[in-house]
2 protein chains.
Amino acid sequence: MQLRDTLGLDEKRAIIQSARDRLHFSSGEDLVVEGDRPMRCVLVTSGFACRYRLLPSGERQIMAIHLPGDFVDLHSFLLKEMDHSVGALTECTAVGFPHESLLQVTERFPHLTRMLWLMTLIDAAGHREWLIGLGLLSAPQRTARLFCEIYKRLEIVGLARDHEFRFPVTQVAMGDALGISAVHVNRVVQELRQQDLITWERGTVRILDWSRLVATGQFSDRYLHLVREPR
Amino acid sequence: MQLRDTLGLDEKRAIIQSARDRLHFSSGEDLVVEGDRPMRCVLVTSGFACRYRLLPSGERQIMAIHLPGDFVDLHSFLLKEMDHSVGALTECTAVGFPHESLLQVTERFPHLTRMLWLMTLIDAAGHREWLIGLGLLSAPQRTARLFCEIYKRLEIVGLARDHEFRFPVTQVAMGDALGISAVHVNRVVQELRQQDLITWERGTVRILDWSRLVATGQFSDRYLHLVREPR
DNA sequence: CGCGCTCTTGACGAACATCAAGCTCCGTGG
DNA sequence: CCACGGAGCTTGATGTTCGTCAAGAGCGCG
């Protein structure tokens with residue numbers, strides 16, 4: 001949040017005091033389920049989570065991957081009913097913020113409210129990026145782009161550097177995120193490896209050629225809106 | 001907005017008084033362009049608009065279709081820089097709301113602020129629906145779903161009934177929205193016609209069998225969050 | 001040691017893209 | 001009133017990307 005505008009001391013205090021229970025989820029567990037009407041919002045503090053939806057056929061579409069620092073269901077504060085689920089891709093820890101406390105915050109702190117609003121807008125911008133991937137890009141492009149996105153976002157929150165990061169996610173999950181079959185994910189990853197763009201072994205990704213990977217995935221971080229300015 | 005929660009008289013007055021200039025766009029014209037830093041937000045009052053992005057290759061992905069009553073770039077109020085464009089699919093009229101006025105609103109009216117926030121959250125929910133379409137559904141399913149979505153939303157704002165609506169949009173634009181080629185759109189539409197699901201002639205769509213079209217497109221209006229409750 | 005999960009590879013098929021051509025409709029100007 | 005032109009729609013032939021099915025290999029875990 002502090003990356004996009006400066007928070008006042010009282011604002012910081014208000015948001016910190018809204019945090020309640022510490023939560024823990026093991027890999028595969030759901031943080032929230034489609035149809036739920038949660039009483040709190042969840043901020044991930046460690047691990048990877050994802051938003052997804054299941055079709056009756058059992059197919060899964062992952063619509064976003066969430067990292068530590070992400071408010072995965074802040075929208076439930078106003079939408080009330082979840083239109084999708086959030087699951088833990090790895091073991092996760094998190095903090096809950098009761099809707100009741102958030103309501104108080106919005107009543108008293110207009111600027112902080114706008115910053116929370118902004119968080120959800122950046123989420124939506126992420127959805128639009130994802131849409132471009134699914135609609136316009138080939139499987140190798142999408143895959144390259146996803147690696148770029150995860151690395152960039154991890155780097156921003158200080159969880160990755162030197163073009164390397166832990167990514168203990170299965171190829172099946174990758175397929176669900178990229179909208180392609182797990183078999184095809186495998187082939188595409190082979191291809192990226194062969195082109196000396198990345199390595200990916202035992203849950204660790206190393207990006208060997210950032211600029212070529214960015215070009216392949218047509219990645220841009222504009223959608224993250226990383227400029228600090230009055231909002 | 002009034003469909004999701006009740007507005008007070010002072011809130012109604014505040015939002016109405018924020019409206020400034022009446023705008024007019026002819027078909028194909030852009031309301032806002034990627035990279036812009038608009039000083040106002042635009043509410044469409046007639047016609048169809050769409051959010052889209054262009055790739056360097058010239059391909060276009062349409063990410064949402066907007067109808068009268070939609071605040072097409074409300075997110076620019078906080079995101080500041082547009083990460084996509086908004087174009088008029090048909091002739092459009094609209095109203096501008098200066099960011100400055102919206103800022104005043106958020107400083108004074110917490111509940112109204114939450115309602116504006118909610119508008120952008122419903123937009124994001126729409127993006128997630130679109131993602132499911134592109135990621136998991138076949139071309140005929142996506143197409144059926146799009147017709148369901150447009151009809152449902154038009155019906156809500158009182159612009160369609162009897163399962164019929166004006167839809168003066170080309171098959172090329174449909175392809176850009178559905179992530180398939182225009183040629184394939186044509187074939188799929190033929191198929192829907194042959195199955196007596198719809199007719200589509202001279203810019204008018206008629207849905208012949210709503211429940212079968214809903215089933216084909218696996219459409220649900222849950223993402224529109226049409227329940228009126230305190231937010 | 002054996003079981004299950006994930007990754008890997010090959011063969012085959014389906015969905016959709018691309019290219020190309022002809023058609024319909026409609027507005028425009030002579 | 002008709003000829004013309006252009007935009008959009010329609011249809012066919014061919015090619016590519018990716019899905020599905022199937023089988024085997026590696027690896028961690030009980």
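What you see is a predicted model, and the numbers here were worked out from it, not measured in a lab. Letters go in sequence order (proteins before strands), and every chain restarts at 1.
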Visitor: For the salt bridge (charged side-chain N to carboxylate O under 4.0 Å, His left out) test, which of A:Arg153, A:Lys152, A:Arg145 pairs with A:Glu149?
Guide: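 When salt bridge (charged side-chain N to carboxylate O under 4.0 Å, His left out) is applied between A:Glu149 and each of A:Arg153, A:Lys152, A:Arg145, only A:Arg153 qualifies.
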
Visitor: Assess whether atom CD of B:Gln2 is packed by more than 12 heavy atoms of other residues, nucleotides or ligands within 6.0 Å.
Guide: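 It does: B:Gln2 CD has more than 12 such atoms within range.
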
Visitor: Using the salt bridge (charged side-chain N to carboxylate O under 4.0 Å, His left out) definition, which of the options A:Asp83, A:Asp123, A:Asp70, A:Asp73 pairs with A:Arg51?
Guide: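 For A:Arg51, the salt bridge (charged side-chain N to carboxylate O under 4.0 Å, His left out) test succeeds with only one of A:Asp83, A:Asp123, A:Asp70, A:Asp73, which is A:Asp123.
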
Visitor: Which whole-number value in Å describes the distance from A:Met174 CE to C:dT8 P?
Guide: 12 Å

Visitor: Could you tell me how far apart A:Trp200 (CH2) and C:dT8 (C1') are, to the nearest whole angstrom?
Guide: 13 Å

Visitor: Salt bridge or not between B:Glu129 and B:Arg222? Use side-chain N to carboxylate O under 4.0 Å.
Guide: no

Visitor: Rounded to whole angstrom units, what separation is found between the CD atom of B:Gln194 and the C1' atom of D:dT10?
Guide: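 After rounding, the gap between these two atoms is 13 Å.
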
Visitor: Looking only at non-hydrogen atoms, find the nearest pair between A:Leu79 and B:His225 and report the distance.
Guide: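 Scanning both residues completely, I find the closest heavy atoms to be O-CD2, 3.3 Å.
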
Visitor: When the distance from CG of A:Asn186 to P of C:dC7 is rounded to whole Å, what number comes out?
Guide: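 So the CG-P distance, A:Asn186 to C:dC7, works out to 8 Å.
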
Visitor: Examine D:dC9: is either OP1 or OP2 under 4.0 Å from a nitrogen or oxygen in the side chain of B:Gln190? Give yes or no.
Guide: no

Visitor: For the helix from C:dC1-D:dG30 to C:dG30-D:dC1, measure the angle between the helix axis at one end and the axis at the other, each built from five pairs, rounding to 10°.
Guide: 30°

Visitor: Scan side-chain atoms only and decide if B:Thr199 and B:Glu201 contain a donor-acceptor pair under the 3.5 Å cut-off.
Guide: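 No, B:Glu201 and B:Thr199 have no side-chain donor paired with an acceptor closer than 3.5 Å.
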
Visitor: Do any side-chain nitrogens or oxygens of A:Gln171 fall under 4.0 Å of OP1 or OP2 in C:dT8?
Guide: yes

Visitor: Going by ring pair (Phe, Tyr, Trp, His ring centres under 6.0 Å), name the residues that satisfy it together with A:His84, two or more places apart in sequence or in a different chain.
Guide: A:His75

Visitor: What integer distance in Å separates B:Leu134:CG from C:dA15:P?
Guide: 18 Å

Visitor: Summarise protein proximity over nucleotides 17-30 of chain D in one line of letters, 5' to 3': B for base, S for sugar-phosphate only, - for none, counting protein heavy atoms closer than 4.0 Å.
Guide: -BSBB---------

Visitor: Would A:Tyr151 and A:Phe167 count as a close aromatic pair, with their ring centres under 6.0 Å?
Guide: no

Visitor: Just verifying a value: how many Å separate B:Ile15 CD1 and B:Met1 CE, rounded to the nearest 0.5 Å?
Guide: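 Taking CD1 in B:Ile15 and CE in B:Met1, the distance rounds to 5.0 Å.
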
Visitor: Distance check needed: D:dT10 P versus B:Leu192 CG, whole Å only.
Guide: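 So the CG-P distance, B:Leu192 to D:dT10, works out to 12 Å.
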
